[in-house]
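Input: a single structure, listed below in structure tokens.
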Amino acid sequence: MRCHLEPDTWNLTPDMLSVKFELPNFTLQDAARLANWSYGLQGEVRPLPSERDQNFYVKTASGEEFVLKIANAAERRDVLDLQNSALEHLATHASSVSVPRLCPAKTGETITAIEGPGGTAHFMRLLTYVPGKLLAQVNPHTPDLLRSLGRVLGTMDCALQDFAHPAAQRELKWDLKRATWIRDYVRYIAIPSQRAIVERFLSRFDLSIAPALATLR
């Protein structure tokens, strides 16, 4: 479930929640050079959106499509290895699902260390591009579409049942098991009726969810 909250009305800033990231600052020319230098690719390069990384779409003259991903400077290598390992696991255990495939650099590495503008260190990866349309841009959300989405999510969940990685055991703001971290910031919600919504759900979490966590897989 997702609810839409207007940031201005809640009077919360990214700094309060510590989820603001300074994105890498590579140009299209930088991306083209890195794609050629590390992966031997030449062709069309254009930017793609991202929350915390910098992504570039790369299409070669032969029609091959890739995503060049440059990680945030604060990103840990072991977390990227976790992502890579999960993708490889899904490719083997959920072959019916279209997931990006890792493309090694000319050195054989799947995670390459590079230097950004100003000498900042970053990690870079290349993955195959999976064409499609964002769910938010599809209208209407028909029962068949939602059923298909649920089937894909269920397939991935089932395939990941036996997946494990040391970096998965980390604190994450979006981990629902640790939802109560937000309690210290509720006071920043200026409008009492909106603050009460959050407080009500935190109380429900304390009463119904927290006691059951230890019994879950």
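Along the sequence shown, residues are numbered consecutively beginning with 1.
Here the closest heavy-atom approach between residue Y39 and residue C103 is recorded as CE2-O, 3.6 Å. Looking at every heavy atom in both residues, L48 comes nearest to V67 through CD1-CG2, 4.0 Å. Taking every heavy atom of both residues into account, H165 and D78 meet most closely at CE1-O, 3.5 Å. Closest of all the heavy-atom pairs between M124 and S38 is CE-OG, 3.3 Å. The shortest heavy-atom contact between I111 and R77 is O-NH2, 3.1 Å. Considering all non-hydrogen atoms of both residues, A31 and L68 come closest at O-CD2, 3.6 Å.
To the nearest 0.5 angstrom, L82 atom CG is 5.0 Å from F163 atom CZ. For the atom pair CZ of F205 and CG of L213, the computed distance is 5.0 Å after rounding to the nearest 0.5 Å. Residue L135 holds its CG atom at 7.5 Å from CG of L146, rounded to the nearest 0.5 Å. If you take CD on E115 and NE2 on H122, they are separated by 9.0 Å, rounding to the nearest 0.5 Å. Between the CD atom of Q83 and the CD atom of E75 there is a distance of 6.0 Å, given to the nearest 0.5 Å. The CZ atom of R170 lies 9.0 Å from the CG atom of D175; values are rounded to the nearest 0.5 Å.
In this structure, L87 is not a member of the same hydrophobic cluster as Y129, with clusters built from ILVMFWY side-chain heavy atoms closer than 4.5 Å. Linking Ile, Leu, Val, Met, Phe, Trp and Tyr residues whenever their side-chain heavy atoms come within less than 4.5 Å leaves F201 and I209 in two separate clusters. Cluster annotation: V45 is connected to F66 through the hydrophobic network of ILVMFWY side chains, with a link wherever side-chain heavy atoms come within less than 4.5 Å. No single ILVMFWY cluster, assembled from side-chain heavy atoms under 4.5 Å apart, contains both F56 and L23. A continuous path of ILVMFWY side-chain contacts below 4.5 Å connects L202 to Y188, so both sit in one hydrophobic cluster.
Clustering of Ile, Leu, Val, Met, Phe, Trp and Tyr by side-chain heavy atoms under 4.5 Å joins L176 with none of the others.
Counting heavy atoms of neighbouring residues, nucleotides and ligands inside a 6.0 Å radius, atom CD of E171 does not exceed 12 of them. Atom CD of Q42 has 12 or fewer heavy atoms from other residues, nucleotides or ligands within 6.0 Å.
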Which donor-acceptor pairs under 3.5 Å do the side chains of residues 92-99 make with protein atoms, sequence neighbours left out?
from : atom 1 : to  : atom 2 : distance (Å)
T92  : OG1    : E88 : O      : 3.2
H93  : ND1    : H89 : O      : 3.0

Does the pair T27 and D30 meet the rule for a side-chain hydrogen bond (donor to acceptor under 3.5 Å, both in side chains), with working shown?
CA-CA 5 Å; T27 66; D30 292 334; 3.1 Å; yes
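At least one side-chain heavy atom of L41 sits under 4.5 Å from a side-chain heavy atom of L126.
Evaluated for a side chain to side chain contact (heavy atoms under 4.5 Å, CB included) with F123, the options L80, I70, N72 yield exactly one hit, L80.
No donor-acceptor distance shorter than 3.5 angstrom exists from the side chain of R76 to the backbone of A167, with no hydrogens or angles considered. Distance alone, capped at 3.5 Å, is enough to place a donor-acceptor pair between the R195 side chain and the I189 backbone. Looking only at distances, a side-chain donor or acceptor of S203 sits under 3.5 Å from a matching main-chain atom of E199. Checking side-chain atoms of D53 against main-chain N and O of N55 turns up no donor-acceptor pair under 3.5 Å. The backbone N or O of W37 lies less than 3.5 Å from a partner atom in the side chain of K106, making a donor-acceptor pair.
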